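Please read all numbers here as calculations on a predicted model, not as lab measurements.
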Amino acid sequence: MTTETIDEVIYERFIKPTGRKRSAAVGLEFEFPIVNTKGKAVDFSVVHRFTDEFVDKFDFSDTSKDDDGYIYLAADPKTGDSISYDCSYNTLEFSFGVEDDIYILSKRFREYFCFVNSVLMKDDHMITGMGINPGYAVNKNVPVVNERYRMLFHHLCSYENYEKEILFHDHPNFGLFSCASQVQLDVEEDDLVEVLNTFTKLEPLKALIFANSIWTEDNNDFLCSRDYFWRNSLHGLNRHNVDMYGLSFESIEEILLYIRSMSLYCVMRDGRYINFNPIPLVEYFSSDSIEGDLFEDGQYKKVTFKPEITDIRYLRSFKFEDLTFRGTVEFRSVCEQPVSEIMAAGAFHTGLMENLHSLTHLLENDNVIYHKGYNASELRRQFVKSSLPDIYDKKELSKLLIKTVELAADGLKIRAKGEEKFLEPLYERAEKLLSPAAQMRAGMESGKSMSDYINEYGACV
């Protein structure tokens with residue numbers, strides 16, 4: 001298969017959908033840790049009972065069940081909203097059908113969320129707004145028993161076969177306890193290069209106001225540990241599949257070439273996943289056959305299959321700014337946020353997308369964090385830690401963050417829906433350089449407990 005054919009397929013799947021006018025639609029996804037408030041492991045029987053109650057309450061009639069017959073996905077065919085268990089029954093995810101007004105999404109979310117906790121709390125459980133499940137050490141961190149999550153867990157656990165490739169962490173089950181707040185926004189082809197470049201440069205600043213996944217193991221001191229988990233897992237074997245872009249794009253062609261350099265690690269044949277060593281697309285499609293692992297009769301066995309050009313649909317990228325086949329960019333780097341401020345991240349990205357050129361100008365002319373010897377990726381890795389290097393002026397950094405929030409507010413005012421109200425918590429965060437994780441760390445050093453923050457960040461307001 002020629003590279004020209006591969007490029008055509010990539011263009012059709014990822015670039016062509018951006019060739020229409022951008023809409024005002026916003027797509028939101030929230031992943032919440034489920035916590036046993038007694039300090040014990042999450043009781044999956046409680047989770048399954050709650051799921052049945054939720055489906056009945058909200059008529060989420062479109063359901064999918066795992067191999068044991070339990071619902072792991074339920075959707076409302078009218079709104080497009082769904083609840084699901086992301087990788088494990090320790091994590092509840094809300095995904096919303098797109099709307100042009102964040103207030104509409106906020107109203108539906110709060111109705112769902114308050115019902116969830118009103119039911120779970122009867123059995124000493126709740127969901128809370130954190131990027132790491134605070135009960136990860138005691139929970140049963142096992143995947144949902146279905147085709148996809150079984151394959152994914154098997155894949156991540158095979159990192160030991162690549163020990164000399166990158167510095168892996170020893171937590172291949174991180175997907176069972178890490179939680180994100182994700183935003184999808186339409187993007188037009190003419191803006192695509194600018195969107196990826198500018199929002200990449202924004203990533204260090206986002207770490208300072210959205211970090212919410214404390215991790216102190218492995219001799220690290222992360223306020224946003226999710227970066228570390230993805231980058232140093234098997235997903236990060238090919239760095240082009242994860243994290244930030246290490247370059248500034250100059251054309252659509254360069255974006256296409258970047259996607260071409262990403263790796264595949266699974267496909268489906270006859271409704272079943274085959275997992276294999278991550279292979280860059282060009283190498284994959286030029287191979288006569290690929291050997292992989294297929295789960296059958298309770299165990300994995302080796303199988304050989306032929307690549308097909310339609311396998312491009314199984315390309316899984318985990319970039320912070322992820323170009324999807326829907327003509328959207330999915331922003332994936334934000335940890336789950338405290339529930340009372342849950343819409344802030346979505347509003348922030350929506351407003352800045354509306355005010356893209358002003359954001360580009362601000363960051364291109366910045367001397368507060370840039371032009372000091374570090375690129376965006378290196379800055380992000382500094383800013384996800386609990387302490388900032390002394391070379392950065394905190395007062396000037398705060399001013400830069402406030403300007404960025406103000407640009408988001410100006411963008412939301414263009415939409416004329418009053419959505420800038422959702423940004424209010426970010427002004428204080430920017431002024432004090434205080435992310436939810438930094439606030440939690442400071443509070444716990446002053447005597448507050450993790451239980452205090454589980455309740456505070458999970459409060460339904």
Side-chain angles (χ1 to χ4, degrees), residues 1-29 95 98 100 182-203 230 235-236 238-268 278-287 307-333 349-350 352-357 359-360 363-364 376-377 411:
M1 193 177 301
T2 66
T3 56
E4 289 79 8
T5 299
I6 297 170
D7 288 347
E8 288 174 4
V9 172
I10 294 173
Y11 183 89
E12 286 291 317
R13 183 161 178 82
F14 294 104
I15 308 299
K16 188 175 180 179
T18 67
R20 45 89 184 100
K21 184 174 176 59
R22 182 171 67 87
S23 75
V26 179
L28 299 177
E29 297 178 8
S95 300
V98 295
D100 292 347
Q182 297 170 177
V183 187
Q184 282 204 33
L185 300 171
D186 280 356
V187 62
E188 294 181 17
E189 184 172 345
D190 289 347
D191 291 331
L192 183 53
V193 169
E194 184 177 359
V195 166
L196 295 184
N197 288 341
T198 297
F199 277 92
T200 292
K201 292 191 74 173
L202 181 66
E203 285 298 337
W230 288 94
H235 285 320
N238 182 344
R239 293 305 198 194
H240 281 199
N241 278 63
V242 299
D243 215 275
M244 297 167 63
Y245 298 101
L247 73 166
S248 291
F249 295 111
E250 295 184 5
S251 66
I252 293 294
E253 288 69 28
E254 284 193 5
I255 297 174
L256 188 150
L257 290 172
Y258 193 99
I259 296 173
R260 190 213 287 175
S261 71
M262 293 178 179
S263 296
L264 275 173
Y265 67 86
C266 69
V267 296
M268 292 194 86
I279 307 174
L281 288 181
V282 172
E283 180 182 344
Y284 176 84
F285 285 118
S286 64
S287 301
E308 300 173 0
I309 195 62
T310 54
D311 290 339
I312 190 68
R313 77 185 76 169
Y314 300 109
L315 177 63
R316 300 282 293 180
S317 159
F318 304 100
K319 306 301 291 183
F320 287 175
E321 283 71 40
D322 199 5
L323 180 60
T324 78
F325 65 89
R326 301 179 181 90
T328 65
V329 171
E330 183 171 16
F331 300 96
R332 305 173 58 95
S333 66
H349 288 86
T350 301
L352 290 176
M353 183 70 90
E354 200 71 47
N355 207 5
L356 175 64
H357 303 321
L359 178 63
T360 299
L363 295 177
E364 284 184 346
S377 181

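- Defined by atom type and a distance below 3.5 Å, a donor-acceptor pair is missing between the side-chain atoms of T18 and E188.
- Residues R20 and G327 approach most closely at NH2-O, 2.8 Å, considering heavy atoms.
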| said: Checking L247 against Y258 for the side chain to side chain contact (heavy atoms under 4.5 Å, CB included) test, could you report, in this order, the C-alpha distance in whole Å, the side-chain angles of both residues, the deciding distance, and whether it holds? | reply: CA-CA 10 Å; L247 73 166; Y258 193 99; 3.5 Å; yes
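- Remark: K319 does not engage E321 in a salt bridge, criterion side-chain N to carboxylate O under 4.0 Å.
- A salt bridge does not link K21 to E189: none of the charged side-chain nitrogens sits closer than 4.0 Å to a carboxylate oxygen.
- Side chains of N241 and Y265: a donor-acceptor N/O pair is absent below 3.5 angstrom, by distance only.
- R313 places no side-chain N or O within donor-acceptor distance of the main-chain N or O of R13, the cut-off being under 3.5 Å.
- Remark: R326 engages no residue in a salt bridge (charged side-chain N to carboxylate O under 4.0 Å, His left out) (not counting sequence neighbours).
- Of all heavy-atom pairs between L363 and T198, the closest is CD1-O, 3.5 Å.
- In this structure, F331 has its ring center no closer than 6.0 Å to that of F320.
- Legend: residues meeting salt bridge (charged side-chain N to carboxylate O under 4.0 Å, His left out) with E12, ordered by chain and number and at least two apart, are K16.
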| Residues I255, L196; criterion side chain to side chain contact (heavy atoms under 4.5 Å, CB included); working and verdict | CA-CA 9 Å; I255 297 174; L196 295 184; 3.8 Å; yes
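- Between F325 and F14, the distance separating the two ring centers is not shorter than 6.0 angstrom.
- Nearest approach of I10 to L256, heavy atoms of both residues: CG2-CG, 4.2 Å.
- Summarising the geometry, atom OG belonging to S263 is positioned 8.0 Å from atom CD1 belonging to I279; distances are rounded to the nearest 0.5 Å.
- Partners of R260 by salt bridge (charged side-chain N to carboxylate O under 4.0 Å, His left out), not counting sequence neighbours, listed by chain and number: D7.
- In this structure, the side chains of L185 and H349 come closer than 4.5 Å at one or more pairs of heavy atoms.
- Here Y245 and H240 keep their ring centres 6.0 angstrom or further from each other.
- For the residue pair T328 and D186, no side-chain donor N or O sits within less than 3.5 Å of a side-chain acceptor on the partner.
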